[in-house]
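Since the structure is predicted, the reported quantities are computational estimates derived from the model, not experimental observations.
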Amino acid sequence: MAASEPEPSPLPGLMPEAQPAGERPRVLCADCHRPLSAHDARLWGRGRGCRRKHGLDAAPRIGRFDVEQDRLPGM
């Protein structure tokens, strides 16, 4: 990268300079910018209260689907 080009900005919600060695990256809520610690909040990128404000109380369930596949040769 040439000296005249600006540094790329980090991904939203991630603050690598504030991350001590050996710890997971810090993720901030997309709405209120508070740090997220719960697994589901980190996946959604929003805390529980902010998800409720948007009507996102629970993650949609992934259904099971039967997939039609061609048979393998020789089987």
Return all side-chain donor-acceptor pairs below 3.5 angstrom for residues 67-75, not counting sequence neighbours, or 'none' if the list is empty.
none

Discussion item. Taking salt bridge (charged side-chain N to carboxylate O under 4.0 Å, His left out) as the cut-off, I'd like each qualifying pair that reaches into residues 33-43, sequence neighbours left out, listed once.
Written reply: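 Checked against salt bridge (charged side-chain N to carboxylate O under 4.0 Å, His left out) - neighbours excluded - the pairs reaching residues 33-43 are D40-R51.
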Worksheet item: What heavy-atom pair brings G47 and A41 nearest, and what distance separates the two atoms?
Response: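 Reported closest heavy-atom pair: CA-CB, 4.2 Å.
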Worksheet item: Between H54 and D31, which heavy-atom pair has the shortest distance, and what is it?
Response: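 In this case the closest contact between H54 and D31 is NE2-OD2, 2.9 Å.
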